[in-house]
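Heads up, the thing below is written out as structure tokens.
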Amino acid sequence: MSDLFGAARTAGQEPEQEDDDAAGGRPRSPLAVRMRPRTLDDVVGQQHLLGAGSPLRLLAAGGGQAGPAGPSSVILWGPPGTGKTTLAHVIARGPGRKFVELSAITAGVKDVRKVIDDALTARDLHRTTTVLFLDEIHRFNKAQQDALLPGVENRWVVLIAATTENPSFSVVSPLLSRSLLLTLQPLTSGDIEGLLQKAVTDQRGLAGKVTLSPDALEHLVRLAAGDARRGLTTLEAAAGVALSERDPEGPDTAVQVELAHAERAVDAAAVRYDRAGDQHYDVISAFIKSVRGSDVDAALHYLARMLEAGEDPRFLARRIIISAAEDVGMADPTALQTAVAAAQAVQLIGMPEARIVLAEAVVHLATAPKSNAAYLGINAAIGDVRAGRGTGIPAHLRDAHYPGSKQLGHGKGYVYAHDQPHSVARQQYPPDDLVGRDYYLPTGNGAERDIAARLARLRGIIRGSGT
């Protein structure tokens, strides 16, 4: 079948293509393939799914014939490069397993039915369980996913489906209810760093032919962005650049991969940015001041600089919300709505698409009219409170609902605003020592032009100086 990635193969007889090389007449497999874990203990990250007695451990250890009490099917949901394909290969290495791989991009119903038919034959004649790895299942339509149901429900195959999209929306309910849904988390920088260091020394990897300088390692980890496959691919490219510069007449010693090698290999300059040091504070300061100063181009530059350096997009979203309230304020009240929506979207979709959402929010804020009147107003009010001003509460504003409150004069003389013209009543609201104190001083920018005129009329009515 043309859509199968190679012929179906029984675990334990899987070709050791990780160890081949050009000397054997075949080009060597990519580093990411050679370093693919062979047991669950070798898997990097995802420890929340790999504890003793976890479904994945039971699935990997289980053997024998699939049937009513056989292994369950699973749906693996997570970002690229977090180990979905790796886990499928590890599970397929169990005893009595045959591994078949399909891609939802190219396969169809006919391919799925053939795998299921072959799985029944393998079960009945050879007592072998077929593990079907279906990559990008979210690309299957409803009819294609429905074709999987008989094989999954009757456990003729063990389905391991991988997706980068939320299965609640991309996988049909009958298939979802018959499978275990396991969520994979992005790999941490520590996970990627450990993986790269292992690849440098492991005989299946670079076998000690190179070493990594600290700067090169940091750059490669940052470029990986939690994607193990990307990290190993960039490492292999950087090692190739370093090895190509080695003197063929020189000693046969390990070549050090420097930062310059990594930059040349992936055509991405290292971003000088320390997330815990001066650069972190300097760049975010320049970013905020560019938004405040309405320079949208500079703001987008600093945003890109931080994102490329691996800054947490959630941190940037929080700073954008603060800027919307502090620097744009009531000159454009929709700016805060955009900022909050952007922060929620960043949580939902993550990188790299989150960069688009953040950019939209930055463009809105940078090009919006500016006012810090609300920011100055709350600061002035807090200053008076800390200075001891604003003693007491006018009696007519106090709670008059509990027994005995009326005898204390609470609520006496209170004017219900909705009974007055324009729903604005003339009466005292602040404490005696703050009557006439103005905290909010709107600017003439954007929406505050109209607010300023309305506020003047409101204060005139409330304080009795106007109509």
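Every residue was checked against the salt bridge (charged side-chain N to carboxylate O under 4.0 Å, His left out) condition with D297, not counting sequence neighbours, and none meets it. Residues forming a ring-ring contact (aromatic ring centres under 6.0 Å, His included) with Y416 (at least two apart in sequence, or on another chain): H418. Not counting sequence neighbours, the partners of N379 by the side chain to side chain contact (heavy atoms under 4.5 Å, CB included) test are Y375. A search for side chain to side chain donor-acceptor pair (under 3.5 Å) contacts involving Q428 returns D432, not counting sequence neighbours. For the side chain to side chain donor-acceptor pair (under 3.5 Å) test, no residue two or more places apart in sequence or in another chain qualifies with D450. For R314, the side chain to side chain donor-acceptor pair (under 3.5 Å) partners two or more places apart in sequence, or in a different chain, are D312. Evaluation of the salt bridge (charged side-chain N to carboxylate O under 4.0 Å, His left out) rule for R389 yields D384 as partners, not counting sequence neighbours. When the salt bridge (charged side-chain N to carboxylate O under 4.0 Å, His left out) test is applied to R113, no partner is found at least two apart in sequence or on another chain. Residues forming a salt bridge (charged side-chain N to carboxylate O under 4.0 Å, His left out) with K412 (at least two apart in sequence, or on another chain): none. Under the side chain to side chain contact (heavy atoms under 4.5 Å, CB included) criterion, K370 pairs with S294, V328, sequence neighbours left out.
Atoms CZ and CG, from R229 and L31 in turn, are 12.5 Å apart once rounded to the nearest 0.5 Å. Between Q145 atom CD and L159 atom CG the span is 10.0 Å, to the nearest 0.5 Å. The OG1 atom of T86 lies 10.5 Å from the CG atom of L40; values are rounded to the nearest 0.5 Å. Atoms OG1 and CG, on T82 and D227 in that order, are 8.0 Å from each other to the nearest 0.5 Å. Summarising the geometry, atom CG belonging to L102 is positioned 5.0 Å from atom CG belonging to L132; distances are rounded to the nearest 0.5 Å. Annotation: the span from F133 atom CZ to K84 atom NZ amounts to 8.0 Å, rounded to 0.5 Å.
Here the side chains of R139 and T163 are not in contact, with every heavy-atom distance at 4.5 Å or above. Looking at heavy atoms from C-beta onward, T85 lies in side-chain contact with R36 at the 4.5 angstrom threshold. Taking the side chain as every heavy atom from C-beta outward, V385 and I382 never approach each other to under 4.5 Å. Looking only at side-chain heavy atoms (C-beta outward), L217 and L196 come within less than 4.5 Å of each other. In this structure, the side chains of V362 and Y302 stay at 4.5 Å or more apart for every pair of heavy atoms. Proximity of L235 to L212: side-chain heavy atoms (C-beta onward) are separated by under 4.5 Å at one or more points. L49 has its side chain out of reach of V43: every pair of non-hydrogen atoms, C-beta onward, lies at least 4.5 Å apart. Taking 4.5 Å as the limit, every side-chain heavy atom of D419 sits out of range of all side-chain heavy atoms of V415.
Between the side chains of E165 and S170, no donor N or O sits under 3.5 Å from an acceptor N or O. Donor-acceptor pairing under 3.5 Å is recorded for the side chains of D42 and T39. Side chains of S168 and N166: a donor-acceptor N/O pair is present below 3.5 angstrom, by distance only.
The number of heavy atoms from other shown groups lying within 6.0 Å of CG (L441) is above 12. Heavy atoms of other residues, nucleotides or ligands lying less than 6.0 angstrom from CZ of R426 number 12 at most. Open room surrounds CD on E360; 12 or fewer heavy atoms of other groups in view lie less than 6.0 Å from it.
Listed for the E101 side chain is no donor-acceptor partner under 3.5 Å among the backbone atoms of L134. Counting only distance, with no hydrogens or angles, the side chain of H48 and the backbone of T183 share a donor-acceptor pair below 3.5 Å. The backbone N or O of I160 sits nowhere less than 3.5 Å from a side-chain atom of S73 that would complete a donor-acceptor pair. Distance alone, capped at 3.5 Å, places no donor-acceptor pair between the S179 side chain and the L176 backbone. With hydrogens and angles ignored, the 3.5 Å screen pairs a side-chain donor or acceptor of H410 with a backbone N or O of D399. In terms of modelled atom types and a separation under 3.5 Å, the side chain of E448 and the main chain of T443 share a donor-acceptor contact. No donor-acceptor pair under 3.5 Å is formed between the side chain of T130 and the backbone N or O of V157. Listed for the N154 side chain is a donor-acceptor partner under 3.5 Å among the backbone atoms of P150. Under a 3.5 Å cut-off, the side chain of R355 and the backbone N or O of A304 do not form any donor-acceptor pair. Under a 3.5 Å cut-off, the side chain of Q144 and the backbone N or O of N141 do form a donor-acceptor pair.
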**Prompt:** What's the verdict on side chain to side chain contact (heavy atoms under 4.5 Å, CB included) for F287 and I320, showing C-alpha distance, side-chain angles and the deciding distance?
**Reply:** CA-CA 10 Å; F287 170 70; I320 289 171; 4.0 Å; yes
Residues E193, T188; criterion side chain to side chain contact (heavy atoms under 4.5 Å, CB included); working and verdict
CA-CA 9 Å; E193 181 175 331; T188 66; over 6 Å; no
Go through the steps to decide whether L307 and M351 satisfy the test side chain to side chain contact (heavy atoms under 4.5 Å, CB included), and finish with yes or no.
-> CA-CA 9 Å; L307 289 174; M351 289 293 287; 4.1 Å; yes
- [ ] Determine, step by step, whether I321 and L336 satisfy the side chain to side chain contact (heavy atoms under 4.5 Å, CB included) criterion, reporting the C-alpha distance in whole Å, the side-chain angles of both residues, the deciding distance to 0.1 Å, and the verdict.
- [x] CA-CA 6 Å; I321 291 175; L336 183 58; 3.9 Å; yes
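Taking all atoms of both residues into account, the shortest heavy-atom contact from P394 to P430 is CG-O, 3.3 Å. For the residue pair L358 and P313, the shortest heavy atom distance occurs at CD1-CB, 4.0 Å. Residues G390 and D433 come closest through the heavy atom pair N-OD2, 2.8 Å. The two residues A262 and A238 make their nearest non-hydrogen contact at CA-CB, 3.8 Å. Nearest heavy-atom pair, Y440 versus A373, reported as atom, atom and distance to 0.1 Å: CE1-CB, 3.4 Å. When all heavy atoms are compared, the tightest approach of L184 to Q46 is CA-OE1, 3.3 Å.
Checking V171, L181, T164 one by one against W77, the side chain to side chain contact (heavy atoms under 4.5 Å, CB included) holds for a single residue, L181.
Screening residues 315-328 for salt bridge (charged side-chain N to carboxylate O under 4.0 Å, His left out), with sequence neighbours left out, gives R292-E326, R292-D327. Screening residues 337-349 for side chain to side chain donor-acceptor pair (under 3.5 Å), with sequence neighbours left out, gives T338-H364.
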